[in-house]
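One structure is given below, represented as structure tokens, and several questions about it will come after.
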Amino acid sequence: MLPKIGQENAFEIISQQLLFSRYLKLTNRTTQFNQKRIEWDVVGHQHKNPCFTVVFPFFTATKTVRVLREYAQGPNLVLYNLVSGGFDQQKHKDIQETAVHELSEEAFLKGGEWVQLLPSGHLGISELKWCTNRFMPFLCLNPIVDESPKPRDEEESIEIQDLTLDELDAVIHRGEMMLPAVQTTLMALKYLRENKLDV
């Protein structure tokens, strides 16, 4: 019988061998469960979890959300995304400060009312089955224009767009949005509905 959902260290890790390391690291991980040992390719960032953040910036007056059209190097496509970025202990005191900085850098926004969409102390949502990365989703209500935004990273190719919730729904159902952004959207919309902010 499998361990319960969300249990940390679900399978015993017998060994880990670092195979490659740059922005991401590739590890050969050996696990054991029910006397069976399996080797896995595991990929992840260098930083502790939650190692990145995703932000849903929502404007209650217009019922719009600020999204990004961004180059995704893996599939070599331009896709929709939400503000997102990695925690760097040299720059950020915590994961919320990461979110604040990324909102300025990518969406040219600041301030607003912040809502962490997971309980305090949560290690974040797993990005992918074979990846160690976990992310923390945030909702930011009514941010304002940042006249002096933080500089973007050199490799970022981003365009800003404000969408209605119906337009955002269509983007998701066309399969044009990155998965962490879809997860964050789902959680943000639940908060908006419960607080009657979406109508």
Side-chain angles (χ1 to χ4, degrees), residues 47-72 78-89 91-127 133-153 156-199:
H47 300 296
K48 68 177 183 178
N49 281 309
C51 68
F52 74 102
T53 183
V54 184
V55 184
F56 189 95
F58 186 72
F59 305 97
T60 57
T62 57
K63 310 300 182 203
T64 56
V65 56
R66 178 151 297 182
V67 302
L68 312 175
R69 296 177 69 251
E70 181 174 15
Y71 175 66
V78 173
L79 295 170
Y80 284 97
N81 202 2
L82 292 174
V83 168
S84 56
F87 171 78
D88 185 338
Q89 59 189 3
K91 300 178 182 178
H92 312 125
K93 65 181 181 182
D94 55 30
I95 195 64
Q96 181 159 345
E97 186 172 74
T98 306
V100 170
H101 286 194
E102 293 297 328
L103 186 69
S104 172
E105 179 183 318
E106 295 189 341
F108 301 159
L109 297 171
K110 66 179 181 179
E113 177 186 346
W114 287 84
V115 180
Q116 182 173 303
L117 295 168
L118 284 173
S120 177
H122 199 290
L123 289 179
I125 299 168
S126 293
E127 182 180 13
N133 296 345
R134 300 187 187 194
F135 68 93
M136 184 62 66
F138 286 93
L139 168 64
C140 183
L141 294 169
N142 301 316
I144 61 174
V145 173
D146 189 344
E147 300 290 353
S148 301
K150 292 184 176 297
R152 290 177 177 170
D153 296 333
E156 290 181 313
S157 298
I158 294 173
E159 293 177 357
I160 294 169
Q161 191 171 349
D162 290 345
L163 299 180
T164 66
L165 295 180
D166 285 342
E167 289 170 336
L168 179 60
D169 183 75
V171 163
I172 290 171
H173 283 88
R174 290 196 303 266
E176 296 174 350
M177 179 167 265
M178 303 296 291
L179 282 176
V182 173
Q183 171 75 39
T184 300
T185 296
L186 181 68
M187 299 175 78
L189 291 178
K190 181 176 185 290
Y191 181 94
L192 294 175
R193 284 195 304 271
E194 289 176 346
N195 290 275
K196 297 181 172 54
L197 296 171
D198 61 334
V199 292

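Numbers for residues simply follow the sequence, beginning at 1.
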Rounded to the nearest 0.5 Å, what's the gap from CG on Leu109 to CG on Leu103? Could you check?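 Going from CG on Leu109 over to CG on Leu103, the span is 5.0 Å.
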Minimum side-chain heavy-atom gap Val83-Val54 below 4.5 Å: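 Not touching, per the 4.5 Å side-chain cut-off.
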Using 0.5 Å steps for rounding, measure from the OG atom of Ser126 to the CG atom of Asn133.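 Those atoms lie 9.0 Å apart.
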Apply the test salt bridge (Lys or Arg N to Asp or Glu O under 4.0 Å) to residues Glu105 and Lys150: give CA-CA distance (whole Å), side-chain angles for both, the deciding distance (0.1 Å), then the verdict. CA-CA 5 Å; Glu105 179 183 318; Lys150 292 184 176 297; over 6 Å; no
Listed partners of Phe56 passing ring pair (Phe, Tyr, Trp, His ring centres under 6.0 Å), at least two apart: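 Ring pair (Phe, Tyr, Trp, His ring centres under 6.0 Å) check on Phe56 returns nothing, list empty.
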I'd like to know if the side chain of Arg152 reaches the main chain of Glu106, judged simply by a donor and an acceptor atom lying under 3.5 Å from each other, with no hydrogens or angles considered.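 A pair under 3.5 Å: yes.
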Flag the pair Leu163 / Tyr80 as yes when at least one side-chain heavy-atom distance between them is below 4.5 Å, and no otherwise.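 A side-chain contact exists here, since the closest heavy-atom pair is under 4.5 Å.
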So do Glu70 and Val78 actually touch side chain to side chain, heavy atoms under 4.5 Å?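 No; the side chains remain at least 4.5 Å from each other.
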Is the backbone of Ser148 close enough, under 3.5 Å, to the side chain of Asp146 for a donor and an acceptor to pair up by distance?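 Looks like yes, one N/O pair under 3.5 Å.
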Report yes if some heavy atom in the side chain of Glu97 is under 4.5 Å from a heavy atom in the side chain of Asp94; otherwise report no.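 Yes, their side chains come closer than 4.5 Å.
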To the nearest 0.5 Å, tell me how far Arg69 CZ sits from Ile158 CD1.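 Nearest 0.5 Å value for the CZ-CD1 distance: 12.0 Å.
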Student check: side-chain heavy atoms of Val182 and Ile172 closer than 4.5 Å: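 SC-SC contact between Val182 and Ile172 confirmed.
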Which atom of Gly124 lies closest to which atom of Arg134, heavy atoms considered: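 Residues Gly124 and Arg134, closest heavy atoms: O-CD, 3.5 Å.
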How long is the straight-line distance from OG of Ser84 back to CE of Met136, given to the nearest 0.5 Å?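 Interatomic distance, Met136 CE to Ser84 OG, rounded to 0.5 Å: 14.5 Å.
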At what distance, to the nearest 0.5 angstrom, does CG of Leu79 lie from OH of Tyr71?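 Rounded to the nearest 0.5 Å, the CG-OH separation comes to 10.5 Å.
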For residues Ala188 and Leu139, report the shortest heavy-atom separation together with the two atoms involved.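 Closest pair (atom of Ala188, atom of Leu139, distance): CB-CD1, 4.3 Å.
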Quick one: are Thr98 and Asp88 in side-chain contact, heavy atoms under 4.5 Å?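 Thr98 does not reach Asp88 side chain to side chain.
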Side chains of Ile95 and Phe135: closer than 4.5 Å at any heavy-atom pair?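 Of all side-chain heavy-atom pairs linking Phe135 with Ile95, none is under 4.5 Å.
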Suppose we screen for ring pair (Phe, Tyr, Trp, His ring centres under 6.0 Å). Which residues come up paired with Phe138, at least two apart in sequence or across chains?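 Phe138: ring pair (Phe, Tyr, Trp, His ring centres under 6.0 Å) contacts with Trp114.
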Using the ring of each side chain (for Trp, its six-membered ring), is His92 parallel, tilted or perpendicular to His101, with breaks at 30° and 60°?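 Correct class here is perpendicular.
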Rounded to the nearest 0.5 Å, what separation is found between the CD atom of Glu147 and the OG atom of Ser104?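 Glu147 atom CD to Ser104 atom OG measures 11.0 Å (nearest 0.5 Å).
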Of all the heavy-atom pairs spanning Val199 and Lys196, show the shortest one and how long it is.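 Val199 and Lys196 have their closest heavy atoms at CG2-O, 4.2 Å.
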Taking side chain as C-beta onward, heavy atoms only, is Asn81 less than 4.5 Å from Val67?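 Asn81 vs Val67: side chains apart.
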Only counting residues at least two apart or in another chain, list the ones meeting salt bridge (charged side-chain N to carboxylate O under 4.0 Å, His left out) with Asp162.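 By the salt bridge (charged side-chain N to carboxylate O under 4.0 Å, His left out) rule, Asp162 matches Arg66.
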Should the heavy atoms of other residues, nucleotides or ligands under 6.0 Å from NZ of Lys91 be counted, would the total exceed 12?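 Atom NZ in Lys91 is not crowded, with 12 or fewer foreign heavy atoms closer than 6.0 Å.
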Identify which one of Asn142, Leu189, Leu141 satisfies the side chain to side chain contact (heavy atoms under 4.5 Å, CB included) criterion when paired with Phe58.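 Result: among Asn142, Leu189, Leu141, Leu141 is the only option passing the side chain to side chain contact (heavy atoms under 4.5 Å, CB included) with Phe58.
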Please report the C-alpha distance between Leu82 and Val55 in whole Å, then the side-chain angles of each, then the deciding distance to 0.1 Å, and finally whether the side chain to side chain contact (heavy atoms under 4.5 Å, CB included) criterion is met. CA-CA 6 Å; Leu82 292 174; Val55 184; 6.0 Å; no
